[in-house]
Visitor: 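Let me give you the structure first, and then I'll get to my questions.
Lettering follows sequence order; numbering is per chain, from 1. All figures in this text were calculated on a predicted structure; none of them were measured in a lab.
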Protein chains: 2
Amino acid sequence: MENQNISDIIESYLKQILAESQQVEIRRAEIANQFNVVPSQINYVIKTRFTIQDGYVVQSKRGGGGYIRIEKVKLLDNLDFIDSLVTAVGDQITRHDSLSVVRSLFEAGAINRSEANIILAAINKDAINTGDRQADEQIRAQILISILNHLRYES
Amino acid sequence: MENQNISDIIESYLKQILAESQQVEIRRAEIANQFNVVPSQINYVIKTRFTIQDGYVVQSKRGGGGYIRIEKVKLLDNLDFIDSLVTAVGDQITRHDSLSVVRSLFEAGAINRSEANIILAAINKDAINTGDRQADEQIRAQILISILNHLRYES
DNA sequence: ATAATATTAGTCAACATTAGTCAAGAACAC
DNA sequence: GTGTTCTTGACTAATGTTGACTAATATTAT
């Protein structure tokens, strides 16, 4: 809580706005200036914290009157939603991205907290650690997809 | 009390904080410096003295604003049972035997039916299939143990 | 219309800042 | 003496920060 990095602070700022409105629209340079960082750091924050796996869609426009708009995605019905997650997982997935997938399932109501925690236990680095990172990412993807397919039948 | 090595001293320091708050968050380099040891010794202390068997869960983040967070968790009263299953799983486990483990958990009331089904989805042969049977059995074992360790405490 | 210029955002790679792993040797317990 | 635990540091990995360069869009000049 003490030594937060600036990316976390910007993330919190944006999510705070998103907690009350469906979307937030910013001018990149303005936010960068407000938090005293270079403009490209805003891209970094968005790329690492507002992905589709996190449940956000980002649109932007360059040129005069340009903007970056972050929209909190409305969850589709479960089946389409699971399809989109299966696609997002693909044939390999990083640990970081897999956390987003599980969080999205939880927030969509597809799983409860206990189930989410079990899935996290199944894909964390204690569980999957062959020494070959790419192999790990492939195994993690297969496990997630197997679970996603299971959830499809349940729902 | 006399012959305390530096690892014991660091352990005491952290547990003293944990006696009053639920968790402690440190910067590794800072603590290492404070006790005049190399940073990796902090990892050693954590790995040997703040395990899940001891009732601690550790999380960390690298990079700017990085931290190590140690959280004291409430252990459940099924520890001996979990221990026996961890032993039974060992370094590797067949798919058949892994089903027995999950069934035991379910029958003991440690997990409900949905949770059991998720675990089964995570360890079935769609999920874990590297082409090398022994490798699969090892991965399956690690996943199960990670889940078993998760089931030791309230979360 | 077209071209030039201004105004935005995007990409990428270098660098910075943290923690993790591992294996060798030292210290300790028996 | 032997086996275990502790200590150390070189190397690795993950994450965050910065700025130069690029691309897209809008506005202005012709």
Visitor: Please check if the number of heavy atoms outside Q22(A) that lie under 6.0 Å from its CD is greater than 12.
Guide: yes

Visitor: Can you establish whether the number of heavy atoms outside D132(B) located under 6.0 Å from its atom CG is more than 12?
Guide: yes

Visitor: Taking S7(A) for the side chain and V45(A) for the main chain, is one N or O donor matched with an acceptor at less than 3.5 Å?
Guide: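 The answer is no, because no donor-acceptor pair under 3.5 Å joins these two groups.
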
Visitor: On DNA chain D, compare the nucleotides closest to Y44(A) and V37(B); which residue's is nearer the 5' end?
Guide: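 Nearest-nucleotide comparison on DNA chain D picks V37(B).
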
Visitor: What integer distance in Å separates I42(B):CD1 from dC6(D):P?
Guide: 14 Å

Visitor: Are F106(A) and L18(A) linked, directly or through other ILVMFWY residues, by side chains that come within less than 4.5 angstrom of each other?
Guide: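 No, it is not one cluster - the side chains of F106(A) and L18(A) are not joined through contacts under 4.5 Å.
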
Visitor: If you go through the side-chain atoms of S7(A), does one of them form a donor-acceptor pair with the base of dG16(D) closer than 3.5 Å?
Guide: no

Visitor: Specify the separation, in whole Å, of atom CG of N43(A) and atom P of dA23(D).
Guide: 15 Å

Visitor: Do we get K15(B) above F50(B)'s six-membered ring, with its NZ or CZ under 6.0 Å from the centre and within 45° of the axis?
Guide: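 Relative to the ring axis of F50(B), which defines the angle, K15(B) lies inside both limits.
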
Visitor: Around atom CZ of R69(A), are there more than 12 heavy atoms from other residues, nucleotides or ligands closer than 6.0 Å?
Guide: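 Count over threshold, so yes.
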
Visitor: My understanding is that only one of L151(B), I147(B), I145(B) makes a side-chain contact (heavy atoms from CB on, under 4.5 Å) with N149(B); could you say which?
Guide: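 That would be I145(B).
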
Visitor: Quick check: any donor-acceptor pair below 3.5 Å linking the side-chain of S40(A) to the base of dG10(C)?
Guide: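 For S40(A), whose side chain was compared with the base of dG10(C), there is no donor-acceptor pair (under 3.5 Å).
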
Visitor: Among residues 46-57 of chain B, which ones have heavy-atom contacts with DNA chain D below 4.0 Å?
Guide: R49(B)

Visitor: Would you mind reading off the distance between D132(A) atom CG and dA13(D) atom C1', rounded to a whole angstrom?
Guide: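 Atom-to-atom, D132(A) to dA13(D), this comes out as 15 Å.
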
Visitor: What is the distance from CD of Q41(B) to P of dT5(D), rounded to the nearest Å?
Guide: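 These atoms are roughly 15 Å apart.
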
Visitor: To the nearest angstrom, how far is R69(A) atom CZ from dT25(D) atom P?
Guide: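 These atoms are roughly 14 Å apart.
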
Visitor: Could you verify whether a donor N or O on one side chain and an acceptor N or O on the other, from D54(A) and T51(A), lie under 3.5 Å apart?
Guide: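 Result is yes, a qualifying pair exists.
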
Visitor: Report the nucleotide, chosen from dT8(D), dA13(D), dT17(D), that has the shortest atom-to-atom distance to any side-chain atom of I6(A).
Guide: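 The nucleotide sitting nearest to the side chain is dT17(D).
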
Visitor: Can Q41(B) and F35(B) be said to form a side-chain contact (heavy atoms from CB on, under 4.5 Å), step by step?
Guide: CA-CA 10 Å; Q41(B) 180 136 12; F35(B) 289 95; over 6 Å; no

Visitor: Closest-nucleotide mapping onto DNA chain D: is V38(A) or D8(A) further toward the 5' terminus? I mean the 5' end.
Guide: D8(A)

Visitor: Just by distance, do the side chain of E115(A) and the backbone of N112(A) share a donor-acceptor pair under 3.5 Å?
Guide: yes

Visitor: Does CG belonging to D91(B) count more than 12 external heavy atoms closer than 6.0 Å?
Guide: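 Open.
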
Visitor: When rounded to the nearest 0.5 angstrom, what is the spacing between CG in D136(B) and OG in S98(B)?
Guide: 11.0 Å

Visitor: Among residues 60-68 of chain A, which ones have heavy-atom contacts with DNA chain C below 4.0 Å?
Guide: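 Those residues whose heavy atoms fall under 4.0 Å from DNA chain C, taken from residues 60-68 of chain A in numerical order, are S60(A), K61(A), R62(A), G63(A), G64(A), G65(A), G66(A), Y67(A), I68(A).
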
Visitor: Heavy-atom contacts under 4.0 Å between residues 21-32 of chain A and DNA chain C, which residues?
Guide: R27(A), R28(A), A29(A)

Visitor: Using whole Å, report how far CZ of F35(B) lies from C1' of dT7(D).
Guide: 16 Å

Visitor: N33(A) has an atom CG; how far is it from atom C1' of dT7(C), in whole Å?
Guide: 16 Å

Visitor: Which whole-number value in Å describes the distance from N5(A) CG to dT17(C) C1'?
Guide: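 Interatomic distance, CG of N5(A) to C1' of dT17(C): 10 Å.
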
